[in-house]
Every structure is written in C-alpha cells, then in structure tokens.
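Order of listing sets the numbers, starting from 1, for every ligand and every atom in it.
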Amino acid sequence: MEKNAKIYVAGHRGMVGSAILRRLEKEGYNNFVTRVSSELDLRNQAAVADFFAAEKPDYVVLAAAKVGGINANNIYRAEFLYDNLMIQNNVIHNSYLNGVKKLLFLGSSCIYPKMAPQPLQENALLTGELESTNEPYAIAKIAGIKMCDAYRSQYGCNYISAMPTNLYGPHDNYDLKNSHVLPALIRKFHEAKLQGAPEVEVWGTGTPRREFLHVDDLAEACYWLLENYNEPGLVNVGTGTDLSIRELAELVQRTVGYEGTIRFNTDYPDGTPRKLMDVSKLAEKGWKATIGLEEGVAAVYAGAFEAVRPA
Ligand SMILES: NC(=O)C1=CN([C@@H]2O[C@H](COP(=O)(O)OP(=O)(O)OC[C@H]3O[C@@H](n4cnc5c(N)ncnc54)[C@H](OP(=O)(O)O)[C@@H]3O)[C@@H](O)[C@H]2O)C=CC1
Ligand SMILES: C[C@H]1O[C@H](OP(=O)(O)OP(=O)(O)OC[C@H]2O[C@@H](n3cnc4c(=O)[nH]c(N)nc43)[C@H](O)[C@@H]2O)[C@@H](O)[C@@H](O)C1=O
C-alpha cells in the first residue's frame, strides 16, 4: 500500500479495528477515514453509499461487526445475522462501486463445522453442520467470505478474508453476559479477589478447548496480509496451540492472584468442543504469532480496567 493511501478502517473503535489502526500508524500511514456507528450506521444502505461516494477510500479494513461471546451469539440470533449481513453487504458492495483497490474482511474460527477435524484447515469450510450457539453469526461470516470471492471472480476485486481465532487484548468487551470467555474471566477473578468471594463461576464443563491470539499479533498478521496477500478463499490466523477452559480459568486465577475456588455452571452451554486453527498456510509464508498467552494475559490484566467499556 502506498504510504499516502486513504484507508477506511470500519470499526476503528473496537478491539480489532483499533489494533489495526495502531499497527498502520506505526508503519507511517496517516490518511485514515473513520466513523463511529452513531455517525455512520453500516446497516444503512443509503448512508453507506453516500459515505463511500464522498470519501472514496483506496483500501478498506472491515472490522465492524456485531460481536460477542457464546451467550450473546445464542440470545441475539436475529441481530447477529441481520447486522452482520447488512454491514458486510453494504461495505463490500460499495467498495466495489467506488473502486477500492483492496479490502480485508474479518471472519472468525466459528465458520468451521462443529465437528471438523482438528486442527481446522481452511478447506473444512462448508463440510458439515455448524455449532448451534453461533450459527447465525457463522452463516453471516461465511456469506462475507463468499461475497469477497464472488466479487473477485466476477468483477476482479482484490478482496481477501482472514479468519482469526478467539482474540483478546486492549479495548476488549468486559460485559459479563455478552463478552467472550477471556475478558469475562479476567473481570470475574479480579472482582472476586477484591470482594474476597469464596468462588468464581465459570460457564459450562470446563472441557472445551480454545485457542487465544493477542489482538496485536492479529494486527501484525493483518498488516502482512494487506501488504502481501492477494488470494481468494480464506486464511486462518492463530497461534496453533490451545488449552481447555479449565486450564484457561486456572491461568487467569494465577495471573490475578485469586485464592478461592472455581465452580463450573453447566446450565451454560459449552459450544464447540474444540477450535484449534491449522496455521500452516500463513506459517509457510513466514508469519507467526509472537505473544505467549501467559504474557499476553498478564499485560492485558495490568491495563484492563482502564479499558473497560460500558455494557
Ligand atoms: N473478538 C474476537 O474474539 C474475535 C473477533 N473477530 C472479528 O473481528 C472483527 C472485530 O471484532 P472486535 O473488534 O472484537 O469487535 P468489537 O465489538 O470490539 O468492535 C466492533 C466494532 O464494530 C462497530 N460496529 C458494530 N455495529 C456497527 C454498525 N451497525 N455500524 C457501524 N459500526 C458498527 C462498532 O463501532 P462503534 O464502536 O463505533 O459502535 C465497534 O467498534 C469482527 O468482524 C469479528 O467478527 C473474529 C474472531 C474473534
Ligand atoms: C470468537 C468466537 O466466540 C464465540 O464462541 P466461543 O469460543 O464458544 O465463545 P466464548 O469465548 O464466549 O466461550 C468459550 C468457552 O468458554 C466458556 N466460558 C466459561 N466461562 C465463561 C464466561 O464467563 N463467559 C463466556 N463468554 N464464556 C465462558 C463457554 O461456555 C465456552 O465453552 C462465538 O459465539 C463466536 O462469536 C466467535 O467467533
């Protein structure tokens, strides 16, 4: 990308968008276009069309989405499907209409079938049934991947799709009901320590396995992809290692220094039993994650409660 290129980072206030913006700024890019959702609701077709026609960005990073953990995905099923389809349809189609040179679409590891062989290879897409708790979100994200590919094949658009594993980092969402597991556990253990509570509730059985990538590593990968990657289909972004939710809870407990016990509440769903990314496609091209989980969680915990956002 040219250093003076005009780059629209959609969702620049979110965890991922803000990390990508920081990474691009570090590289010397300074011609950004941004809008918060109250200024530009990306579900609004006419407003998005006007915005693209007026701003004419050269590059687009699509990090705006309706995002949440297992509980939010399961409850707000209509919003996860409608909002995400509308946002990505409007942004991708208007990028095409306005000659955007390259667009990066962010999906998620939940696009893969619930029982796909592990580690999850890119070619597992659409080979089996999805996990029910996040099916609406996954269907929207799969549509986004296919839309990028269709616009590439019919119109020659250079639109690429990256599938990050579960993420954490600065500007995460710490809402106890709607967030992902890692910020939720950091907050729960932190508050239990402050209050001297005897136990912390962790959802599900503790046996599901997840992989966690620091968002600064994701931003590094996205920068690399924007500079170097121009292929159809999807590319996984992760660390290639996972741990059980029980092990994760124990890691957070150690980090926080909480001395009570952990209680698993099986009224909450486990979701997908395992989601470990096969990251060999990116590794073969020379990219790999650098921030270890213990180190990343410690750094996030140190800064977390400055970054808590309202529910
Ligand atoms: N967090 C994770 O663990 C993972 C995230 N991803 C993907 O990464 C991307 C970013 O996620 P993340 O940063 O975590 O999410 P956040 O919730 O932190 O940020 C999402 C951003 O999207 C914007 N947004 C939401 N709805 C609208 C709308 N209707 N109009 C305009 N903007 C909107 C918000 O803007 P505003 O702040 O202005 O309201 C917000 O800044 C998503 O595509 C997500 O699917 C993929 C895998 C894992
Ligand atoms: C990134 C990915 O995130 C979502 O999928 P998920 O990985 O299942 O999400 P999660 O982080 O919320 O949970 C991971 C595991 O952890 C357990 N768990 C324990 N205790 C808490 C807890 O307190 N909060 C939460 N949220 N989970 C907990 C929880 O029961 C589950 O077994 C997708 O919907 C989709 O949005 C997506 O793309």
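Contact between Y137 and ligand 1 is present, with at least one heavy atom of the residue lying under 4.0 Å from the ligand. Distances shorter than 4.0 angstrom occur between a heavy atom of D41 and an atom of ligand 1. Under the 4.0 angstrom criterion for non-hydrogen atoms, R35 is not in contact with ligand 1. Using 4.0 Å as the threshold, L40 has a heavy atom nearer than that to some atom of ligand 1.
With a 4.0 Å heavy-atom cut-off, ligand 1 is reached by the side chain of H180 but not by its N, CA, C or O. Residue-level proximity to ligand 2 for Y268 is absent, since no heavy atom of it falls below 4.0 angstrom. At a 4.0 Å heavy-atom cut-off, ligand 2 does not touch A249 at all. Contacts of S109 with ligand 2, taken as heavy-atom pairs under 4.0 Å, are absent altogether.
Counting atoms of ligand 1 from 1 in the listed order, those under 4.0 Å from a heavy atom of G11 are 21 (C), 41 (O). In the vicinity of R43, heavy-atom distances shorter than 4.0 Å reach the ligand 1 atoms 29 (N). Of all atoms in ligand 2, listed by their number and element, those nearer than 4.0 Å to a heavy atom of K188 are 22 (C), 23 (O). Within ligand 2, counting atoms from 1 as listed, the ones closer than 4.0 Å to a heavy atom of P208 are 32 (O). In summary, the atoms of ligand 1 found under 4.0 Å from a heavy atom of R13, numbered by their order in the structure, are 36 (P), 37 (O), 38 (O), 39 (O), 41 (O). Taking every non-hydrogen atom of N73 and a distance limit under 4.0 Å, the qualifying atoms of ligand 2 come out as 33 (C), 34 (O), 35 (C), 36 (O). Less than 4.0 angstrom separates some heavy atom of D270 from each of these atoms of ligand 2: 31 (C), 32 (O). Counting the atoms of ligand 2 from 1 in the order shown, those under 4.0 Å from a heavy atom of K275 are 2 (C), 5 (O), 6 (P), 7 (O). Those atoms of ligand 2 with a heavy atom of A184 less than 4.0 angstrom away are 22 (C), 23 (O), 24 (N). Below 4.0 Å from some heavy atom of V67 lie the following atoms of ligand 1, by number and element: 11 (O), 14 (O), 15 (O), 17 (O), 42 (C), 44 (C). Those atoms of ligand 2 with a heavy atom of I245 less than 4.0 angstrom away are 15 (C), 16 (O), 19 (C).
Side-chain atoms of Y59 and E2 include a donor-acceptor pair closer than 3.5 Å. No side-chain N or O of R43 forms a donor-acceptor pair with one of N90 less than 3.5 Å apart. N4 and N31 share no side-chain donor-acceptor pair at under 3.5 Å.
From the protein, the heavy atom lying nearest to atom 26 (N) of ligand 2 is S179 O, 2.9 Å. Among protein heavy atoms, atom 35 (C) of ligand 2 sits closest to Y137 CE2, 3.7 Å. Given atom 13 (O) of ligand 2, the protein heavy atom at minimum distance is V181 CB, 3.9 Å. In terms of protein heavy-atom proximity, atom 8 (O) of ligand 2 is nearest to R210 NH2, 2.9 Å. For atom 20 (N) of ligand 2, the closest non-hydrogen atom on the protein side is W203 N, 2.9 Å. Counting only heavy atoms of the protein, atom 30 (O) of ligand 2 lies nearest to P269 O, 2.8 Å. The protein heavy-atom contact nearest to atom 3 (O) of ligand 2 is H180 CD2, 3.1 Å. Among protein heavy atoms, atom 37 (C) of ligand 2 sits closest to S108 OG, 3.5 Å.
Inclusion of I70 in the set of residues having an N or O under 3.5 Å from an N or O of ligand 2 is warranted. Considering backbone and side-chain N/O of V202, none are found under 3.5 Å from N/O of ligand 2. For the pair N71 and ligand 2, the shortest N or O to N or O distance does not fall below 3.5 Å. On a distance-only criterion, L42 and ligand 1 share at least one N/O pair closer than 3.5 Å. In terms of polar-atom proximity, defined here as any N/O pair under 3.5 Å, E201 makes no such contact with ligand 2. Distances between N or O atoms of S37 and those of ligand 1 include at least one value under 3.5 Å. When only interatomic distances are considered, the shortest N/O to N/O separation between L62 and ligand 1 does not fall below 3.5 Å. For ligand 1, one of its N or O atoms has an N or O atom of K141 under 3.5 Å away. Geometrically, ligand 2 and G68 share a nitrogen or oxygen pair separated by less than 3.5 Å. Between H171 and ligand 1, no pair of N/O atoms sits closer than 3.5 Å. Checking only distances, L167 does come within under 3.5 Å of ligand 1, N or O to N or O.
Residue nearest to atom 22 (O) of ligand 1, selected from G14, G107, A65: A65 (by heavy-atom distance). Ranked by closest heavy atom to atom 33 (C) of ligand 2, the top entry among L185, N134, N265 is N134. Evaluated by nearest non-hydrogen atom to atom 27 (C) of ligand 1, the leading choice among V36, I87, L218 is I87.
Using a 30° and 60° split on the angle between ring planes, Y223 and Y29 fall in the perpendicular class, above 60°. Ring-plane geometry between Y155 and Y151 is classed as perpendicular, the angle between the planes exceeding 60 degrees on a 0 to 90 degree scale with a lower cut at 30. Ring geometry for F52 against Y8 counts as perpendicular: the plane angle is over 60°, on a 0 to 90° scale with 30° as the lower cut.
A donor-acceptor contact shorter than 3.5 Å is absent between the side chain of K56 and the backbone of N98. A side-chain donor-acceptor contact under 3.5 Å links N73 to the backbone of G69. Although no hydrogens or angles enter the test, the distance criterion places no donor-acceptor pair under 3.5 Å between the side chain of K114 and the main chain of P273.
Within the model, atoms CG of L40 and CZ of R35 stand 7.0 Å from one another, a figure rounded to the nearest 0.5 Å.
Contact between L103 and S95 at its shortest, heavy atoms only, is CD1-OG, 3.4 Å. Here the shortest heavy-atom pairing between M147 and H93 reads CE-N, 4.2 Å.
Within 6.0 Å of atom NZ in K26, 12 or fewer heavy atoms from other residues, nucleotides or ligands are found, so the atom counts as exposed in its surroundings. Other residues, nucleotides and ligands place no more than 12 heavy atoms under 6.0 Å from the CD atom of E129.
In this structure, K66 forms a cation-pi arrangement with Y76, its terminal cationic atom sitting closer than 6.0 Å to the ring centre and no more than 45° off the ring axis.
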Discussion item. Determine whether D172 and S179 satisfy the following criterion, side chain to side chain donor-acceptor pair (under 3.5 Å), listing intermediate values before the conclusion.
Written reply: CA-CA 8 Å; D172 208 340; S179 68; over 6 Å; no

Practice prompt. Go through the steps to decide whether H190 and Y301 satisfy the test ring pair (Phe, Tyr, Trp, His ring centres under 6.0 Å), and finish with yes or no.
Written response: CA-CA 9 Å; H190 176 70; Y301 180 54; 5.5 Å; yes

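Aromatic ring centres of H180 and Y168: separated by at least 6.0 Å.
Considering D242, T239, L182 as possible partners of L293, the one that fulfils the side chain to side chain contact (heavy atoms under 4.5 Å, CB included) test is L182.
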